[in-house]
Number of protein chains: 2
Amino acid sequence: MTKENTMTIREMCDAYDVTPRTLRFYEAKELLQPVRQGTKRLFTKRDRARLKLILRGKRFGFSLEEIRQLLALYDLGDSQATQIRKTREIAAKHLNGMIAQRDELTSAIEELRDQLGWADRILADMDQVEAAQ
Amino acid sequence: MTKENTMTIREMCDAYDVTPRTLRFYEAKELLQPVRQGTKRLFTKRDRARLKLILRGKRFGFSLEEIRQLLALYDLGDSQATQIRKTREIAAKHLNGMIAQRDELTSAIEELRDQLGWADRILADMDQVEAAQ
DNA sequence: AGCAAAGTTTACGTGCACGTAAATGTGACG
DNA sequence: CGTCACATTTACGTGCACGTAAACTTTGCT
């Protein structure tokens with residue numbers, strides 16, 4: 001990490017467990033904007049913050065395009081009221097979807113737990129039979 | 001719906017909001033096993049139960065291959081102990097992943113709520129300025 | 001100066017989950 | 001018997017998120 005607080009592509013890859021291809025791809029999709037030192041990319045603190053959000057968004061099943069929208073939320077500072085309102089809507093929509101998804105996930109977890117309990121009971125019975133032989 | 005309690009491909013599409021292509025694709029991937037009446041597919045109650053699980057699995061971001069594994073959970077009846085154990089492992093692994101995903105989702109929801117609160121406060125301030133003019 | 005390591009662009013390849021088009025078959029109805 | 005809606009198979013196409021290979025420049029070190 002240089003004194004300007006930037007990181008090379010390899011340092012980024014090691015730090016966040018992604019490939020160079022991925023970082024260049026995200027730049028092409030305008031999710032990251034590393035500065036150039038000659039021909040090389042230098043990733044700033046801002047790029048790192050955005051990458052963290054990208055990776056988390058991906059874990060939630062958001063597409064890169066959706067993530068691009070969400071990232072705009074973090075750049076609201078210089079926006080106009082209408083722009084803020086529009087972006088707010090998108091975020092609220094995502095929020096509702098996420099809450100719904102969490103609820104479904106919760107019930108699915110319950111069901112899976114039941115399944116596991118069932119499997120465990122079957123296995124316990126089988127062990128009994130084995131032990132009796 | 002015929003008296004045998006089966007449905008045609010179109011009835012299935014209407015009932016579950018999927019395309020014929022999707023149902024044939026799932027059959028090719030061995031997720032569904034509709035019976036044939038001549039050349040036509042007839043989807044049974046079992047197929048419908050499995051389709052519901054497929055669609056829910058997809059909402060959780062599971063791949064069709066992962067879903068195929070999960071579906072095996074519901075067919076445990078005639079399996080052997082080792083098979084049950086193997087399947088149990090897969091389910092447990094999924095369960096841990098789902099719980100982790102739900103936890104992440106929960107914290108992401110909190111953060112998004114904060115963001116929305118922030119946007120709302122900015123918008124409120126802007127309304128104040130507008131009203132004062 | 002020279003060489004290897006690491007970076008760059010360009011561009012074709014891949015896996016997944018279907019979409020879409022073409023050609024053909026089938027069955028109920030007037 | 002015709003035809004018309006709906007079904008089927010076969011096979012190529014698509015969008016996404018990168019992987020991978022080739023050819024090249026730049027940088028760090030001896």
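Below, read A as the first sequence line, B as the second, and so on, with proteins coming before strands; counting in each chain starts at 1.
Rounded to whole angstrom, the span from the CD atom of A:Q37 across to the C1' atom of D:dT25 amounts to 15 Å. Counting to the nearest Å, the C1' atom of D:dT20 and the CZ atom of A:F25 are 15 Å from each other. Between the P atom of D:dA17 and the CZ atom of A:R68 lies a distance of 12 Å, rounded to the nearest Å. Put simply, CD1 on A:I54 is 13 Å from C1' on D:dA17, counting in whole angstrom units. Atom CG in B:L51 sits about 15 Å away from atom C1' in C:dA17, given to the nearest Å. Residue A:R41 contributes atom CZ, which lies 14 Å from atom C1' of D:dT26 at whole-angstrom precision. One interatomic measurement links the two molecules: CG of A:D17 to C1' of D:dC18, which rounds to 14 Å at whole-angstrom precision. Distance, A:I67 CD1 to D:dC16 C1': 12 Å, rounded to whole Å.
Here the nucleotide nearest the side chain of B:I9, chosen from D:dT8, C:dG7, C:dT9, is D:dT8.
Between B:Y26 and C:dC18, a side-chain N or O to OP1/OP2 separation shorter than 4.0 Å is present. Look at A:R24 and you'll find a side-chain N or O under 4.0 angstrom from OP1 or OP2 of C:dT8. Contact check, A:K58 against D:dC18: a side-chain N or O comes under 4.0 Å of OP1 or OP2. One finds a side-chain N or O of A:T19 lying less than 4.0 angstrom from the OP1 or OP2 phosphate oxygen of D:dG19. At least one side-chain nitrogen or oxygen of A:R10 sits closer than 4.0 Å to the OP1 or OP2 atom of C:dG7. Proximity of A:R21 to the phosphate of D:dT20: no side-chain N or O atom is located under 4.0 Å from OP1 or OP2. A:T22 has a side-chain polar atom (N or O) that falls below the 4.0 Å cut-off from OP1 or OP2 of D:dG19.
The pair B:K40-B:E11 does not meet the salt-bridge criterion, since no charged nitrogen lies less than 4.0 angstrom from a carboxylate oxygen. For the pair A:E27 and A:R24, the salt-bridge criterion is not met [side-chain N within less than 4.0 Å of a carboxylate O]. Looking at A:R10 and A:D14, a side-chain N of the basic residue comes within less than 4.0 Å of a carboxylate O on the acidic one, giving a salt bridge.
Atom CD of B:Q33 sits about 8.5 Å away from atom CG of B:L31, to the nearest 0.5 Å.
In this structure, a donor-acceptor pair under 3.5 Å is present between the side chains of B:T44 and B:D47.
Of the two residues contacting DNA chain D, namely A:F62 and A:K40, the nearest-nucleotide position lying further toward the 5' end is that of A:F62. Comparing B:G38 and B:L64 along DNA chain C, the residue whose closest nucleotide (by nearest heavy atom) sits nearer the 5' end is B:L64.
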